[in-house]
Structure formats: C-alpha cells, structure tokens
Amino acid sequence: MTAPSAPAPIAVAIDANDIETAATWASAVAPHVSTVKVGLELYLRYGPDVISAMRGANRVKIFLDLKLHDIPATVAGAARSVAALRPSILTVHAGGGADMVRAAVEAAPDTDIAGVTVLTSMSEKDLEEVGLLGPARDAVRRLAVLAVGAGARALVCSPQEVALVRAEVGPDITLITPGVRPAGADRGDQSRVATPEEAIAAGADLLVVGRPITRAADPGAAAASIAAAVRRAGVRV
C-alpha cells in the first residue's frame, strides 16, 4: 500500500460566510494541506468558536490572520488574548513599528508572529498614494528587516518579493506568500501574484491560497490538486 502524502505547505484561506461552512471546508482540505487560515471577518463574527470548529478532529495548523496594528500595549493585549487559542501563526502589520512587533512577540511566545510587509492587493500606484515612495520591493525589504529585528519568526510578502526577502533575512525565517494563483485562475483583488510553482521556486515556505480552493465545486479535490503541483515543484513535505 502506498503511504499517504504528507500535507503540502499550503494555508487555505477559509473566508466562509458562516461557521458551519468554515468547518466543512477545513475538514475537506485538512488531509492535503498543513494549515488553514482564519481571517479578520470570520474571527470577528464568531470569535474563538471558529478556531475550535475548524480545528475539530483535524491535525491542521491554525493561521490566525488578524493583522494587528495599534499601539504596542494594545497589540500586546490582543496577542495575549488569542495566544490561549494556540494558533501556529498570528499576523501583525510590520508598519506598526519595531516596538509594536516586539510587544506581540513577547505576549505570545509560543506562536510565530508574522510581520505583514506590503499587502498583495496594493499596486505601485496605491503605495505612492499612501506615501510609500519607490518600488514595492524596497518597502517590503525595509519592513521585513524591521520585523525580524523585533523578533518576528515569519514574514508575509508577495511571491514577487520572496527571493529578495530571503536574501535579507536568511534561511530561518518562515516566508508566507499570499497572492498565489494556479495558472489561468482569476487574480481577484490581488495585484502581485504568482503560481504555486513560481512561489516555491522563489523560496516561499507557506503558500496562502483561498478562492481557487474554496470557490471550487469540490474544495477538497482542488486542495489536493494544488498540493500535488507543489510537490511536483520539489517541495519536501
């Protein structure tokens, strides 16, 4: 009998409208992927209950994508509040500054704090409008270095900046890449995207994939297909 394949390094963004659908999707994809991601909307609607529902009997890891951004004391309190839920990853905006990132790291020592650099929905024009002049990759590089210097053990950046960030922060930081779309898939609201194979080749450690899986007729089959593509790209899982 062939041994089952290990889960691929994919975080499925479970952006469901209700907790029952979220739990169903999580169970469907759990045999194929390492992680499920709970975003702000779903967490605000259901709170800690959604974590329990999605974890269920699955061994899948929980990526709590709250993108905290506030004064350090408030972020520390928020991180401490969710640390009891045992998320593997919790996001904070690196743009909140080194003290804020450090506050989250110290408040949730058993969780990998991931610094969000520049959102993948933002184009060069968007960055210019909010005062971040110069190429996106420069802003990503600066924020990545800042977050790691403050103790972040993971970073969120687009697939297009992975190689640059890896060169800056070294091999021990987990690089998480949203904006991953299979070839031919709709970009949706993402501006800086890549295929799973391209993201892996660039050096990504964890690929965030949402709608190409959750909007498929069979989310489990879609997750299995993308996981197989990641394995073919040479990832050790």
Side-chain angles (χ1 to χ4, degrees), residues 9-11 13 34-35 37 39-40 61 63-72 75-76 78-79 87-109 111-181 189-196 198-210 235:
I10 295 170
S34 66
T35 308
K37 185 173 81 72
L40 187 61
K61 297 177 182 178
F63 174 178
L64 191 52
D65 188 19
L66 300 185
K67 297 185 178 72
L68 301 176
H69 191 169
D70 212 310
I71 63 172
V75 167
S88 295
I89 302 167
L90 172 66
T91 51
V92 303
H93 270 292
D99 288 346
M100 191 206 77
V101 175
R102 190 174 297 110
V105 170
E106 293 174 353
T111 295
D112 283 350
I113 298 300
V116 177
T117 56
V118 174
L119 297 173
T120 52
S121 61
M122 298 189 77
S123 65
E124 302 283 352
K125 181 176 181 293
D126 295 327
L127 292 174
E128 184 177 348
E129 287 176 348
V130 299
L132 289 175
L133 304 180
R137 57 193 289 111
D138 288 350
V140 169
R141 180 185 54 77
R142 291 193 303 269
L143 291 167
V145 171
L146 177 150
V148 170
R153 296 196 291 265
L155 294 165
V156 181
C157 60
S158 92
Q160 297 179 13
E161 292 102 34
V162 168
L164 171 71
V165 172
R166 180 65 73 202
E168 287 285 344
V169 303
D172 298 328
I173 301 299
T174 299
L175 300 187
I176 304 167
T177 54
V180 175
R181 294 285 187 272
D189 56 2
Q190 305 293 322
S191 292
R192 304 190 324 281
V193 302
T195 66
E198 290 168 343
I200 290 296
D205 296 304
L206 183 65
L207 313 183
V208 178
V209 184
V235 175

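- When all heavy atoms of Val165 and Cys157 are compared, the pair lying nearest together is CG2-SG, 4.1 Å.
- The CG atom of Leu206 sits 8.5 Å away from atom CD1 of Ile10, with the distance rounded to the nearest 0.5 Å.
- In this structure, NZ in Lys61 is found 7.5 Å from CD1 in Ile89, a value given to the nearest 0.5 Å.
- With hydrogens and angles ignored, the 3.5 Å screen pairs a side-chain donor or acceptor of Asp205 with a backbone N or O of Leu175.
- Counting all heavy atoms, side chain and backbone alike, Val162 lies closest to Ala202 at CG1-O, 3.4 Å.
- With rounding to the nearest 0.5 angstrom, the CE atom of Met100 is 9.0 Å from the CG atom of Leu146.
- Ala152 and Val105 make their closest contact through N-CG2, 3.9 Å (heavy atoms, listed as atom of the first residue, atom of the second, distance).
- With rounding to the nearest 0.5 angstrom, the CD1 atom of Ile176 is 8.5 Å from the CG atom of Asp65.
- When each of Val118, Leu155, Val145 is tested with Val140 by the rule side-chain contact (heavy atoms from CB on, under 4.5 Å), just one qualifies, namely Val118.
- Once rounded to the nearest 0.5 Å, the distance linking CD of Glu124 with CZ of Arg137 reads 10.0 Å.
- Taking both residues in full, the closest heavy atoms of Arg153 and Pro109 are given as NH2-O, 3.3 Å, listed atom of the first, atom of the second, then distance.
- Closest of all the heavy-atom pairs between Lys67 and His93 is O-CD2, 3.4 Å.
- With rounding to the nearest 0.5 angstrom, the CZ atom of Arg142 is 11.5 Å from the CD atom of Glu168.
- The two residues Ala78 and Leu68 come nearest to each other via the heavy atoms CB-CD1, 4.0 Å.
- When atom types are taken as modelled, the side chain of Thr117 and the backbone of Val156 share a donor-acceptor pair closer than 3.5 angstrom.
- Not a single donor-acceptor pair under 3.5 Å links the side chain of Thr91 to the backbone N or O of Val116.
- In this structure the side chain of Arg141 never reaches within 4.5 angstrom of the side chain of Glu161, judged on heavy atoms.
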